[in-house]
Protein chains: 2
Amino acid sequence: MKKRTYSCGLDAAVDVVGGKWKALILWELHTGVRRFAELRRGIDGISEKMLIQQLREMETYGLVHREVHRQVPPKVEYSLTDFGRSLNEALIPLGDWGERHMSTIEAIPRD
Amino acid sequence: MKKRTYSCGLDAAVDVVGGKWKALILWELHTGVRRFAELRRGIDGISEKMLIQQLREMETYGLVHREVHRQVPPKVEYSLTDFGRSLNEALIPLGDWGERHMSTIEAIPRD
DNA sequence: CGGTATCCGCTTTGATACTG
DNA sequence: CAGTATCAAAGCGGATACCG
């Protein structure tokens, strides 16, 4: 989310879902409501800092809903909004593409 | 293209198409063959350095074909491979999503 | 025309420690 | 459990200058 104007829809979408983690978080939430710790365990390699940072951004974008249950121990649940679900659906073909070509992609030499 | 293993297809796809420019370049190439200068003019705000850098990466990924015509003045044409075209197709729903929600996205407060 | 090379700042990400 | 704070490292991307 860096720009204020976009040259096309794909430009806008990449800006929203861009970065290392957002698409993964979106995907992890597609099955339903998830607690903070569940998300952390579900997304390999993400730190607490990055997870909360990305979730907060996605909350301001209106993609994610954050529900705090005031109790001890604390319980915070994250879920997709309708907007988030619509984005997730738009990502399905891309996910399928990645699935189909994953072995090819992994075989590409890096540097 | 930073990882060597992926947790899911979406993870892999985002790694390939991630960054500020690749999706845009892909999209610009969807109409057919393009010369270097055409691409530069077609993608608003990109520098020569970033364009060539991204094109080279996409070439090593096998998404883009680079054809050099040895003549004066030089002429280099870029086009999508079948692999690149398949990725582009997978990006269409995302582009449509962005198109539909562009005004909403632009209205999201930054910072 | 179609690049390369170098430098540099800003943002993103990671590591570690701490808290209500 | 669900964060916050701080610092440091890495990487992305821009500006400028130059070349075959």
Side-chain angles (χ1 to χ4, degrees), chain A residues 1-7 11 14-25 28-29 33-61 64-79 110-111, chain B residues 1-7 11 14-25 28-29 33-61 64-79 108-111:
Chain A
M1 218 58 167
K2 295 149 201 110
K3 306 182 185 179
R4 276 156 183 82
T5 55
Y6 299 100
S7 51
D11 192 10
V14 166
D15 201 22
V16 169
V17 84
K20 195 170 172 179
W21 301 113
K22 291 204 184 69
L24 260 20
I25 296 173
E28 190 65 24
L29 284 171
V33 181
R34 283 272 179 282
R35 296 187 58 172
F36 183 81
E38 288 181 303
L39 285 172
R40 185 154 64 95
R41 279 191 298 273
I43 301 169
D44 197 56
I46 196 167
S47 67
E48 293 192 344
K49 173 188 159 184
M50 290 313 297
L51 180 54
I52 193 65
Q53 191 174 294
Q54 303 298 305
L55 281 168
R56 293 273 202 261
E57 276 185 50
M58 293 164 77
E59 206 189 339
T60 76
Y61 300 175
V64 164
H65 174 70
R66 177 170 180 267
E67 183 120 19
V68 181
H69 301 266
R70 295 214 147 274
Q71 57 184 55
V72 182
K75 178 176 172 181
V76 181
E77 292 182 317
Y78 294 91
S79 55
R110 285 118 237 270
D111 296 61
Chain B
M1 217 59 167
K2 297 147 201 113
K3 306 182 182 177
R4 277 157 182 81
T5 57
Y6 300 100
S7 51
D11 191 11
V14 166
D15 202 22
V16 169
V17 85
K20 195 170 171 179
W21 301 113
K22 291 206 183 69
L24 259 21
I25 295 172
E28 190 65 22
L29 284 171
V33 180
R34 282 272 179 282
R35 295 185 61 172
F36 183 81
E38 288 182 304
L39 285 172
R40 186 153 64 96
R41 279 191 299 272
I43 300 169
D44 198 57
I46 197 167
S47 67
E48 293 192 346
K49 173 189 159 183
M50 290 315 295
L51 180 54
I52 192 65
Q53 189 174 296
Q54 302 301 303
L55 281 168
R56 291 274 201 259
E57 277 185 51
M58 294 163 77
E59 205 189 338
T60 76
Y61 300 176
V64 164
H65 174 69
R66 177 171 181 267
E67 182 119 19
V68 182
H69 302 267
R70 294 215 147 275
Q71 56 182 58
V72 183
K75 178 177 173 181
V76 181
E77 292 183 317
Y78 294 91
S79 56
I108 296 171
R110 284 117 237 271
D111 297 50

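Keep in mind that what you see is a predicted model, and the values were worked out from it rather than measured. All heavy atoms count here, side chains included; hydrogens, waters and symmetry mates do not.
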For nucleotides 2-7 of chain C, give me every protein contact, N/O to N/O, under 3.5 Å, one pair per line with atom names.
from, atom 1, to, atom 2, distance (Å)
C/dG2, OP1, B/R35, NE, 3.0
C/dG2, OP1, B/R35, NH2, 2.8
C/dG2, OP1, B/V76, N, 3.4
C/dG2, OP2, B/A37, N, 3.3
C/dG3, OP1, B/R66, NH2, 2.5
C/dG3, OP2, B/Y78, OH, 2.8
C/dG3, O3', B/R56, NH2, 3.2
C/dG3, N7, B/E48, OE1, 2.7
C/dT4, OP1, B/R56, NE, 3.4
C/dT4, OP1, B/R56, NH2, 2.2

Inset, instruction - May I have all residue pairs that pass salt bridge (Lys or Arg N to Asp or Glu O under 4.0 Å) and include part of residues 52-61 of chain A, sequence neighbours excluded? - result: A/K22-A/E57
Legend entry - CD1-CZ distance between B/I108 and B/R110, expressed to the nearest 0.5 angstrom: 6.5 Å
Inset, instruction - List for me each residue that meets side-chain contact (heavy atoms from CB on, under 4.5 Å) alongside B/S79, sequence neighbours excluded, and say none if there are none. - result: B/V33, B/H65
Inset, instruction - Take atom NE2 of A/H69 and atom C1' of D/dA2, then tell me their distance rounded to the nearest Å. - result: 13 Å
Inset, instruction - Would you kindly give the CD-to-P distance between A/Q54 and D/dA2, to the nearest whole Å? - result: 18 Å
Inset, instruction - Applying side-chain hydrogen bond (donor to acceptor under 3.5 Å, both in side chains), name anything that partners A/K49, two or more places apart in sequence or on another chain. - result: none
Inset, instruction - Nearest whole angstrom, please: distance from the C1' of D/dC1 to the CZ of A/R70. - result: 13 Å
Inset, instruction - Respond yes when some side-chain nitrogen or oxygen of A/K20 is under 4.0 Å from OP1 or OP2 of C/dG14, and no when none is. - result: yes
Inset, instruction - Look only at the side chain of A/D11 and the backbone of B/L24, and say whether a donor-acceptor pair between them is shorter than 3.5 Å. - result: no
Legend entry - B/V14: side-chain contact (heavy atoms from CB on, under 4.5 Å) partners, not counting sequence neighbours: A/A23, B/L10
Inset, instruction - Only counting residues at least two apart or in another chain, list the ones meeting side-chain hydrogen bond (donor to acceptor under 3.5 Å, both in side chains) with A/K75. - result: none
Legend entry - Separation of atom CD1 in A/I46 from atom C1' in C/dG14, rounded to whole Å: 12 Å
Legend entry - Between C/dT13 (C1') and A/W21 (CH2): distance, integer Å: 9 Å
Inset, instruction - Take atom NZ of A/K2 and atom C1' of D/dG11, then tell me their distance rounded to the nearest Å. - result: 13 Å
Legend entry - Nucleotide C/dT11, atom C1' - distance to CD of A/Q53 in whole Å: 10 Å
Inset, instruction - Give the angle between the helix axes at the two ends of the helix from C/dC1-D/dG20 to C/dG20-D/dC1, taking five base pairs at each end and rounding to 10°. - result: 50°
Throw together a table of side-chain donor-acceptor distances under 3.5 angstrom for residues 40-47 of chain B, partners on residues two or more places apart or in other chains.
from, atom 1, to, atom 2, distance (Å)
B/R40, NH2, B/E48, OE2, 3.3
B/S47, OG, B/M50, N, 3.2

Legend entry - All side-chain contact (heavy atoms from CB on, under 4.5 Å) counterparts of A/V64, not counting sequence neighbours: A/L29, A/L55, A/M58, A/Y78, A/L80
Inset, instruction - Check the distance between D/dG3's P and A/E57's CD and give it to me in whole angstrom. - result: 15 Å
